[in-house]
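The structure under discussion appears below in the form of structure tokens.
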Amino acid sequence: MPALERAFKSGDPIRIAALGSSSTQGAGASSKELRYPARLEAELRRRFGDSDIEVANLGVGGELASDMLKRIDAQVLPLKPALVIWQTGVNDAIRSVGIDEFRNNLQTGIRIFRKRHIDVVLLDHQYYPGAAKLPGFDDYLQAMHDMARQEKIPLLSRYRIMEHLVSTGQYAINDLLAGDRFHLNDVSYGCLGTAMADALENSIQHHSAPTAAAVPATLVKGSN
């Protein structure tokens with residue numbers, strides 16, 4: 001995470017753009033303060049109290065990766081972020097966007113950011129009951145992991161984290177999902193904000209505060 005680390009070392013304001021669909025926008029949260037970008041900002045401010053940190057919520061419900069690509073020039077780049085967290089994939093799977101098209105959209109966006117020396121973290125799908133019945137769902141998950149390896153960028157696997165919390169009996173699936181059994185709720189948004197803060201803190205090699213949640217290291221994929 002060279003751009004993010006430089007931002008911390010410079011003492012300048014640190015801007016992070018959370019680009020995504022309804023999970024980023026905050027569907028299922030009981031207030032805007034409990035959406036994952038807001039929870040992430042609060043966690044980072046707690047850990048790095050001497051830094052000016054802002055996480056901009058650029059989530060729009062229902063969007064495909066291609067829709068987000070169209071917003072990069074107007075909404076993301078003007079913020080001059082050190083980091084973009086790109087949450088995508090589940091809507092492409094639900095609407096059966098061609099897997100090659102999905103991969104190409106991911107690669108195009110990643111390369112736009114990297115060309116401008118902006119760090120990128122991919123954030124994959126949520127774990128929810130209907131996923132098992134969706135044809136090709138795993139292919140879109142795998143495409144994101146493959147792209148992270150190919151482009152040598154980190155990926156935080158929300159799917160595996162949630163699956164781990166349920167399979168180990170720490171939570172029931174209904175504890176982590178809103179009433180529609182699809183979107184996240186306040187509990188899982190809080191877990192996500194903390195897990196992302198853990199990953200970012202580790203990536204920039206700062207250990208000024210203890211981490212607040214134990215997530216198996218194998219759940220965080222990528223080269224950094």
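Quick note: residue numbers are just sequence positions, from 1. As the structure is a prediction and not an experimental result, all values here were calculated from the model.
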Less than 4.5 Å apart, side chain to side chain, heavy atoms only: is that true for Leu19 and Phe113?
yes
Taking every non-hydrogen atom, the tightest pair across Asp139 and Ile99
O-CD1, 3.6 Å
In terms of side-chain heavy atoms, does Thr108 have a donor or acceptor partner in Asn105 at a distance below 3.5 Å?
no
According to ring pair (Phe, Tyr, Trp, His ring centres under 6.0 Å), who are the partners of Tyr159, at least two apart in sequence or on a separate chain?
Tyr127, Phe137
Testing the basics here: between Ala143 and Leu106, what is the closest heavy-atom pair and its distance to 0.1 Å?
O-CD1, 4.5 Å
Hey, quick one: are Val76 and Leu79 part of the same hydrophobic cluster, counting side-chain heavy atoms closer than 4.5 Å, chains of contacts allowed?
yes
From CA spacing to verdict: side-chain contact (heavy atoms from CB on, under 4.5 Å), His145, Ser157
CA-CA 9 Å; His145 286 251; Ser157 185; 3.8 Å; yes
Report yes or no: does Asp92 contribute a side-chain atom to a donor-acceptor pair with the main-chain N or O of Ala65 at less than 3.5 Å?
yes
Sidechain-backbone polar pair: Thr194 side chain, Cys191 backbone, donor-acceptor under 3.5 Å:
no
Taking salt bridge (charged side-chain N to carboxylate O under 4.0 Å, His left out) as the definition, give me every residue that meets it alongside Glu33, ordered by chain and number, with sequence neighbours left out.
none
Side chain to side chain donor-acceptor pair (under 3.5 Å) partners for Thr88, two or more places apart
none
Check step by step if side-chain contact (heavy atoms from CB on, under 4.5 Å) holds for Met147 and Leu155.
CA-CA 9 Å; Met147 189 59 62; Leu155 180 150; over 6 Å; no
What I'd like to find out is whether the side chain of Ser21 reaches to under 4.5 Å of the side chain of Met68, using heavy atoms alone.
yes
Could you check whether any side-chain heavy atom of His125 comes within less than 4.5 Å of a side-chain heavy atom of Met144, counting everything from C-beta outward?
yes
To the closest 0.5 Å, what do you measure between CD1 (Ile16) and CD1 (Ile118)?
12.5 Å
Hey, could you give me each pair passing salt bridge (charged side-chain N to carboxylate O under 4.0 Å, His left out) that has a residue in residues 70-88? Not counting sequence neighbours.
Glu63-Arg71
Compare every heavy atom of Ala82 with every heavy atom of Ala3, then report the nearest pair and how far apart it is.
CB-O, 3.5 Å
Starting at CD1 of Ile14, measure out to CD1 of Ile53 and round the result to the nearest 0.5 Å.
4.5 Å
Shortest non-hydrogen contact from Val187 to Asp175?
CB-O, 3.7 Å
From Lys9 atom NZ to Ile204 atom CD1, the distance as rounded to the nearest 0.5 Å:
9.5 Å
In plain terms, say whether Glu43 and Arg46 are close enough for a salt bridge, that is, a side-chain N and a carboxylate O under 4.0 Å apart.
yes
Less than 4.5 Å apart, any side-chain heavy atom of Ile173 and any of Pro129?
yes
Do any pairs count as a salt bridge (charged side-chain N to carboxylate O under 4.0 Å, His left out) and have a residue in residues 111-138, sequence neighbours left out, and if so which ones?
Arg111-Glu151, Arg114-Glu151
Distance from Ile161 atom CD1 to Leu192 atom CG, nearest 0.5 Å?
7.5 Å
Is a donor on one side and an acceptor on the other found under 3.5 Å between the side chain of Asp67 and the backbone of Leu64?
yes
With sequence neighbours left out, what residues match Phe102 under ring pair (Phe, Tyr, Trp, His ring centres under 6.0 Å)?
Tyr140
Shortest non-hydrogen contact from Leu69 to Trp86?
CD2-CH2, 4.3 Å
So OH of Tyr189 and OG of Ser30: to nearest 0.5 Å the spacing works out to 10.5 Å
What do the steps show when you test Arg158 against Ser23 for side-chain contact (heavy atoms from CB on, under 4.5 Å), and what is the final call?
CA-CA 11 Å; Arg158 173 172 52 148; Ser23 292; 2.9 Å; yes
Spatial distance of atom CG (Leu176) from atom CG (Leu165) [nearest 0.5 Å]:
6.0 Å
Strictly by salt bridge (charged side-chain N to carboxylate O under 4.0 Å, His left out), give each pair with a member in residues 10-25 just once, sequence neighbours left out.
Arg15-Asp52, Arg15-Glu54
Residue list, salt bridge (charged side-chain N to carboxylate O under 4.0 Å, His left out) with Asp146, at least two apart or on another chain
Arg149
Over all atoms of both residues, closest heavy-atom pair of Ile85 and Leu123:
CG2-CB, 4.3 Å
In one Ile/Leu/Val/Met/Phe/Trp/Tyr side-chain cluster, 4.5 Å: Val60, Val97
no
Sub-4.5 Å side-chain heavy-atom contact between Ile72 and Val84
no
Side chain to side chain donor-acceptor pair (under 3.5 Å) against Asn104, all qualifying residues, sequence neighbours excluded
none
Using the ring pair (Phe, Tyr, Trp, His ring centres under 6.0 Å) criterion, which residues pair with Phe182? Sequence neighbours excluded.
Tyr128
Is there side-chain contact between Thr24 and Asn57, with at least one heavy-atom pair below 4.5 Å?
yes
Is there a chain of hydrophobic side chains (I, L, V, M, F, W, Y, each step under 4.5 Å between heavy atoms) that links Val90 to Val166?
yes
Is there a donor-acceptor pair closer than 3.5 Å between any side-chain N or O of Asn185 and the backbone N or O of Leu177?
yes
Side chains of residues 34-41: which donor-acceptor partners sit under 3.5 Å, not counting sequence neighbours?
from: Arg35; atom 1: NE; to: Gln25; atom 2: O; distance (Å): 3.3
from: Glu41; atom 1: OE1; to: Val55; atom 2: N; distance (Å): 2.8
from: Glu41; atom 1: OE2; to: Arg45; atom 2: NE; distance (Å): 3.4

Does anything in residues 100-110 pair up under salt bridge (charged side-chain N to carboxylate O under 4.0 Å, His left out), and if so which pairs, sequence neighbours excluded?
Asp100-Arg103
